Each structure stands twice: as structure tokens, then as C-alpha cells.
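Worksheet for the structure shown next.
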Protein chains: 2
Amino acid sequence: MAAELTIQQVAQETGLSVHTLRYYERCGLIAAVERATNGHRRYSVADIRWIEFLTRLRLTGMPIRQMQQYAMLVRQYPETAYDERRQLLEAHRQTVLEQIQQLQENLVAIDWKIQHYSELEAKVQTYGTVKS
Amino acid sequence: MAAELTIQQVAQETGLSVHTLRYYERCGLIAAVERATNGHRRYSVADIRWIEFLTRLRLTGMPIRQMQQYAMLVRQYPETAYDERRQLLEAHRQTVLEQIQQLQENLVAIDWKIQHYSELEAKVQTYGTVKS
DNA sequence: GATTGACTGAGAGCGTGCTCTAACTTCTAA
DNA sequence: TTAGAAGTTAGAGCACGCTCTCAGTCAATC
């Protein structure tokens, strides 16, 4: 795979900082990236796609530890272990669904409070200061 | 308001630890709780309701800083400032909606990957090891 | 050949939100 | 009256996920 992107370019593309990109590589989330003759990193399009997927996992709250485990499965058994990878993602999928549900439940309570304040404001408009 | 619950009981009710309850009080999220003659905290039902609402704010990702601001509005102007409180909550409501949407978008990509793995697994079953 | 600017690795530092410790008090039950 | 369980404060410590610093390398430009 042609590896031609500098770390700066990848940072721009992915929204991660160059620090974070090096950090991710250091801790095994990204496999050793190709290097130019001067030792500088050169990322391939496949690297970018991988980083984008990693970012989705992070944004859905997967801890680095688990991402490392997933990365390890992909790297260590590149043409197999589909079952294990799928299971890991399915477990994560479940936690994401739970997160969404919890957010929605809590949102109802917040909406309720907003509504309550609106009503109190209306009363203040009509009658002056009101308690609670 | 009758204040009769010990910190242990409140921890049980709310799911927070006693450490966290004291921490929340220390940093101004909970107004000074009533004390028994021996100096021990005695929480009222209103305290519990407040803590439950705080917990909803936390679980939806509101930072402590902002919760402090909200708590300050409630405490400092107990019978007014509804507009400001409502605005604060509405701004938060917006970020929660965005969170949910982002989770859902990322979930699609994860589902997609799970599906992909399922298909690869099926191929492995049929033809033996397959690449990608 | 000197300067500039992007890169490198290793490791220190930081912000957030708890979580735990230590030393002390107070109440209850044996 | 003594043991132990639960409470108190102030402050230290911790896990996580970055984020920044530093000293050095390298290539291009003036």
C-alpha cells in the first residue's frame, strides 16, 4: 500500500493531534507505520481508514485497553479470528446501545425540568415572584 | 424538611459512594447538609432528589464546573433566575442530543464491521481461510 | 555554512473525577 | 470499659487519556 501521508496530514484528516497519533502508535493501537528514509512516518490510506475506525470506537467510549485488544487481534491474526473480533465489537455495540438508552432516559428528566422552569417563568411574568 | 438519612443510606439510594457524596458537598454541588448533634450528616428527601438530578446531569456528561454553576444559581437565587437555569439546561440538552446522534452514527459503522466479519466467517466456513 | 521548520523518541505533566488514607470523634453493645 | 462500627476533615493518590517538553536529527533555503 502506497504510504505517502505525513503525520501532519493525517492529523488534519482524522482530527487527532500529531501527539495523539504518536501516542496511539506507541501504545499499540496503530501498527508500526512505514517510514521515509529520514525516519519520518509515512501513512497509507489503509492506515487512515484504520485510524478512523479507532476513532469511532473511542468516541463511543471504548477504553484504550479494549482497543488494544482489538488491534492485537487484527494484527496478530490478520486473516482469521473474525469470530473473536466480531464478539468484541458486539459486546461494545451492546454497551453503546445502553449508553444511548441511558442518555435518552436522563434527557427526559432534563426536559421535564426545562418545562418546569418555563412554567415558573410564565407565572413570574403574570404574578411576580413565585416560590420553588 | 425532615432530615433523617445517614450518608450510608443516601449512598445506597443514589448509587454514589460516601466519598463522592462528601466530595460533591465539598465542591459546592450539594448545599451544606444538615447535621445531627454529633456532627454526622442527615440528608432530607429533598437532598436525595437534588442528588438524583445531579446524577442525571453527570451521566449525560455535564462537567462538574457547569454543575457547580447550575447549583450556584439554584442556591443563590432560590426563587428566581429560572430563565438562566433553563438556558443552562437547554444548552446542555443540545449537547446531549448531539452526543446521542454521534453515538448512533458511529454505531452504524460498528454494525457495518460486525456484519462484515459475519460474512467473512461464513466464507471461512465454506471455503477455508479467506483474506481481509 | 547558517537558519528554519518539520520531524523523532522518551518521558514528564496535566485535567478530570473520583477514591483512599490518616488521625480523630462518637455511639452502641458486650 | 472496652471493642468495634460508623462518622468527621483535610489532603494525598490514582486511573485515564491525552498533551507537552526537550534534546536531537534531517532537508531545504538563504
Side-chain angles (χ1 to χ4, degrees), chain A residues 3-44 47 51-71 92 95 99 102 106, chain B residues 3-44 47-48 51-72 92 95 99 102 106:
Chain A
E4 45 210 4
L5 292 150
T6 68
I7 195 165
Q8 279 291 348
Q9 290 172 317
V10 174
Q12 285 234 324
E13 285 273 317
T14 62
L16 300 177
S17 71
V18 295
H19 295 298
T20 301
L21 285 169
R22 284 195 279 251
Y23 165 67
Y24 277 10
E25 189 173 336
R26 230 191 310 179
C27 71
L29 293 180
I30 302 172
V33 170
E34 275 190 48
R35 300 299 177 122
T37 50
N38 60 10
H40 293 191
R41 288 170 179 80
R42 289 293 176 266
Y43 293 81
S44 69
D47 288 328
I51 292 165
E52 281 168 351
F53 190 66
L54 280 186
T55 303
R56 290 184 185 283
L57 295 180
R58 270 304 296 134
L59 287 174
T60 48
M62 184 183 285
I64 298 285
R65 281 287 171 89
Q66 207 173 337
M67 288 167 66
Q68 287 172 325
Q69 202 185 333
Y70 179 66
H92 181 58
T95 76
Q99 265 184 80
Q102 202 192 41
N106 290 324
Chain B
E4 46 210 1
L5 292 150
T6 67
I7 196 165
Q8 279 291 349
Q9 290 171 316
V10 175
Q12 286 234 323
E13 285 273 318
T14 62
L16 299 178
S17 71
V18 296
H19 294 299
T20 302
L21 285 168
R22 286 194 279 252
Y23 164 67
Y24 277 10
E25 189 173 338
R26 232 190 308 178
C27 70
L29 293 180
I30 303 172
V33 170
E34 276 190 46
R35 301 298 177 122
T37 50
N38 60 12
H40 292 191
R41 288 172 179 79
R42 289 295 175 267
Y43 292 81
S44 69
D47 288 330
I48 294 220
I51 292 163
E52 281 168 352
F53 190 66
L54 279 186
T55 303
R56 290 186 186 282
L57 295 180
R58 269 305 295 136
L59 288 174
T60 48
M62 185 182 284
I64 299 284
R65 283 285 171 90
Q66 206 173 339
M67 290 167 66
Q68 287 172 324
Q69 202 186 334
Y70 179 66
M72 193 265 284
H92 182 58
T95 76
Q99 265 184 82
Q102 202 193 41
N106 289 324

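What's counted below: heavy atoms across the whole structure, side chains too, no hydrogens, waters or symmetry copies. Predicted, not measured: the structure shown is a model, and the values here were computed from it.
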Tell me the closest heavy-atom pair linking B:L29 and B:Q68, and the distance in Å. CD2-N, 3.4 Å
What nucleic acid atoms does A:R26 come within less than 4.0 Å of, heavy atoms only: base, sugar-phosphate, or nothing? base
B:I7 vs B:R22, side-chain contact (heavy atoms from CB on, under 4.5 Å): CA-CA, chis, key distance, verdict: CA-CA 9 Å; B:I7 196 165; B:R22 286 194 279 252; 3.6 Å; yes
Got a sec, which residues hit side-chain contact (heavy atoms from CB on, under 4.5 Å) with B:Q9, two or more places apart in sequence or on another chain? B:L5, B:T6
At their closest point, which heavy atom of A:A11 faces which heavy atom of A:S17, and how far apart are they? CB-C, 4.3 Å
Heavy atoms of chain B, cut-off under 4.0 Å: which first and last nucleotide of DNA chain D, 5' to 3', fall inside that, if you could look? D:dG7 to D:dG11
Distance-only, no hydrogens or angles: does the A:E4 side chain make a donor-acceptor pair with backbone N or O of A:Y43 under 3.5 Å? no
Under the side-chain hydrogen bond (donor to acceptor under 3.5 Å, both in side chains) test, residues paired with B:Y23 that sit two or more places apart: none
Give me the atom names and distance for the closest heavy-atom approach of B:L57 to B:H92. O-NE2, 3.9 Å
Residues of residues 59-68 of chain B with a heavy atom under 4.0 Å from any atom of DNA chain D, listed by number, are none
B:E25 CD - C:dC18 C1' separation (whole Å): 16 Å
Check the phosphate of C:dC18 against B:Y24, side-chain N and O only, distance under 4.0 Å to OP1 or OP2. Yes or no? yes
Between the protein and nucleotides 1-8 of chain C, list every N/O to N/O distance that falls short of 3.5 Å.
| unit_1 | atom_1 | unit_2 | atom_2 | d |
| --- | --- | --- | --- | --- |
| C:dC7 | OP2 | A:Q8 | NE2 | 3.0 |
| C:dT8 | OP1 | A:R41 | N | 2.7 |
| C:dT8 | OP1 | A:R41 | NH1 | 2.8 |
| C:dT8 | OP2 | A:R22 | NH1 | 2.6 |
| C:dT8 | OP2 | A:R41 | NH1 | 3.2 |
| C:dT8 | O5' | A:R41 | NH1 | 3.3 |
| C:dT8 | O3' | A:R35 | NH1 | 3.4 |

Smallest heavy-atom separation, A:Q102 atom then B:L59 atom, equals NE2-CD1, 3.7 Å
N/O (side chain, B:T20) to phosphate O (OP1/OP2, C:dT19) under 4.0 Å: yes
Please list all pairs passing the salt bridge (charged side-chain N to carboxylate O under 4.0 Å, His left out) test where one or both residues lie in residues 54-70 of chain A, with sequence neighbours left out. none
Using a cut-off of 6.0 Å, state whether more than 12 heavy atoms not belonging to A:E52 lie near its atom CD. yes
